[in-house]
Amino acid sequence: GHCNNTYPNCPALIDVNVDFGNGYYNDHHFHYGYHIYAAAIVAKQDPAWGRAHFKQMLLYIRDYANPFSGDRFFPPFRVMGSGIVSAENSPHGRNQESSSEAIAAYESMALFGKVMKGIFADNNEDLDGYEISELVEDAGTLLMTTEVEAAHRYWHVWSSPNHHNYYPSTYNKLVVGMLYETAASFQTWFAPYPLVSYGIQLLPLTPIAEERDNPEWARLLYPIYQQSCKDAPDDFCVENGWSIVQTGLCATASGKDCLEQALSIPPEVYETDGGMGNSLSNTIWFIATRPTDSGSITEILPSSNSIASNGSDY
């Protein structure tokens, strides 16, 4: 086929379901954040690659979280405050599904800015690159922080002396699956099972998850998530990677045998789309570095400390 990127010859501009509605500016921060996170890690290991592809990576950032005033091509902070564009016109307005992927998008932005700032600091001739990277890091950190606070208030639902529940008692779920401008619902766009409404708020497993997921909330959610994983039909939970997310929640909740769960997942799951970007090594790092010990990790994997130290920079 041929696409000249103009209507009506571009499929993404005539069908909102193509590429998750990318042509309609849907999910840009969710998807592009993964690219920026990967770029930050590659640049950390290969500074020359980071310098060579700096402007290309900025295109992603300018698209969903542009921190530059006076940009003729991208509006400032496109996604922040407006949510995503729904795949259908809803009377409840725009919505956002995955609070955790939104957080990760801005975490990635901050990380990329931090890495590139360090690279440009080693090259005193590129002051512009340093200042741009510093702005990207600062803006990403601010956006990430506000998104974490929003998740605690609007997506993570529980009552305790340390947390105020802003929803009426008739809403008895521990998460909001989709938050609209004028409504909150326990559902997702892509599957009907309760499991995915929980899981879509828990990925990816990156350092900011330590601030994102309150351990008290995680301890309430973990047994419910575990049961919902068992209740899903066939091998939906395992084959689609939701069991990987369960191991991370287990660790945050100070559960037992979290590592054993991770190691019992078929290796091929980590290597497919079902892995959701969480490799086995990343999952082990996440479990091993939770503030509270999550089982017999050091007994099974004596080298986990070295893995944690390698992963802690990211």
Looking at [X] and [Y], what are the two nearest heavy atoms and their distance?
| X | Y | answer |
| --- | --- | --- |
| F54 | G129 | CZ-O, 4.1 Å |
| S228 | L195 | OG-CA, 3.6 Å |
| S100 | Q201 | OG-C, 3.1 Å |
| A218 | T252 | CB-CG2, 3.7 Å |
| A184 | Y167 | CB-CE2, 3.7 Å |
| Y222 | A253 | CB-CB, 4.1 Å |

Is it true that a side-chain atom of [X] and a backbone atom of [Y] form a donor plus acceptor pair closer than 3.5 Å?
| X | Y | answer |
| --- | --- | --- |
| N66 | F77 | no |
| S243 | Q246 | no |
| S108 | I36 | no |
| W217 | L174 | yes |
| D257 | E260 | no |
| E97 | I200 | no |
| E181 | R94 | yes |

(request) Determine, for E137 against K117, whether the closest basic-nitrogen to carboxylate-oxygen distance falls under 4.0 angstrom. (result)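 Salt bridge present between E137 and K117.
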
(message) Check this for me: does any side-chain nitrogen of one of R212 and E147 sit under 4.0 Å from a carboxylate oxygen of the other?
(response)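 Answer for the salt bridge query: no.
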
(request) Run the numbers on H163 and W158 for ring pair (Phe, Tyr, Trp, His ring centres under 6.0 Å), then give the verdict. (result) CA-CA 7 Å; H163 179 80; W158 87 102; 3.5 Å; yes

(request) Give a yes or no on whether L127 and V136 share a hydrophobic cluster (residues Ile, Leu, Val, Met, Phe, Trp, Tyr; joining criterion: side-chain heavy atoms under 4.5 Å apart). (result)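 No, because L127 and V136 fall into different hydrophobic clusters, even though each may have its own neighbours under 4.5 Å.
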
(message) Applying a strict under-4.5 Å side-chain criterion to I, L, V, M, F, W and Y, I'd like to know whether L202 and Y34 cluster together.
(response)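 Yes, L202 and Y34 fall within the same hydrophobic cluster.
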
(message) As a quick check of understanding, evaluate side-chain contact (heavy atoms from CB on, under 4.5 Å) for I244 and V238, giving each step before the final call.
(response) CA-CA 8 Å; I244 300 175; V238 174; over 6 Å; no

(request) Taking atom CD of Q187 as the centre, report whether more than 12 heavy atoms of other residues, nucleotides or ligands fall under 6.0 Å from it. (result) yes

Just so I know, are the side chains of [X] and [Y] near enough to count as touching, which here means a heavy-atom distance under 4.5 Å?
| X | Y | result |
| --- | --- | --- |
| Y130 | M116 | no |
| T188 | Y198 | no |
| V157 | V175 | no |
| S197 | K173 | no |

Parallel under 30°, tilted from 30 to 60°, perpendicular over 60°: which one fits the rings of [X] and [Y]?
| X | Y | answer |
| --- | --- | --- |
| H152 | H156 | tilted |
| W242 | F190 | parallel |
| Y32 | Y64 | tilted |
| Y154 | Y166 | tilted |

(message) Here's a test for you: under ring pair (Phe, Tyr, Trp, His ring centres under 6.0 Å), which of F186, Y225, F236 qualifies with Y193?
(response) F236

(message) Here's one to test your reading of the geometry: is the NZ or CZ of R290 within 45 degrees of the ring axis of F286 and under 6.0 Å from its centre?
(response)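 Yes.
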
(message) For the residue pair S160 / E216, report whether a side-chain donor-acceptor contact shorter than 3.5 Å exists.
(response) yes

(request) For the residue pair Y180 and Q96, confirm or rule out a side-chain donor-acceptor distance under 3.5 Å. (result) no

(request) Verify side-chain contact (heavy atoms from CB on, under 4.5 Å) between V245 and T247, making sure each step is shown before the conclusion. (result) CA-CA 5 Å; V245 177; T247 67; over 6 Å; no

(request) Run the numbers on Y106 and H29 for side-chain contact (heavy atoms from CB on, under 4.5 Å), then give the verdict. (result) CA-CA 8 Å; Y106 303 122; H29 59 326; 4.2 Å; yes

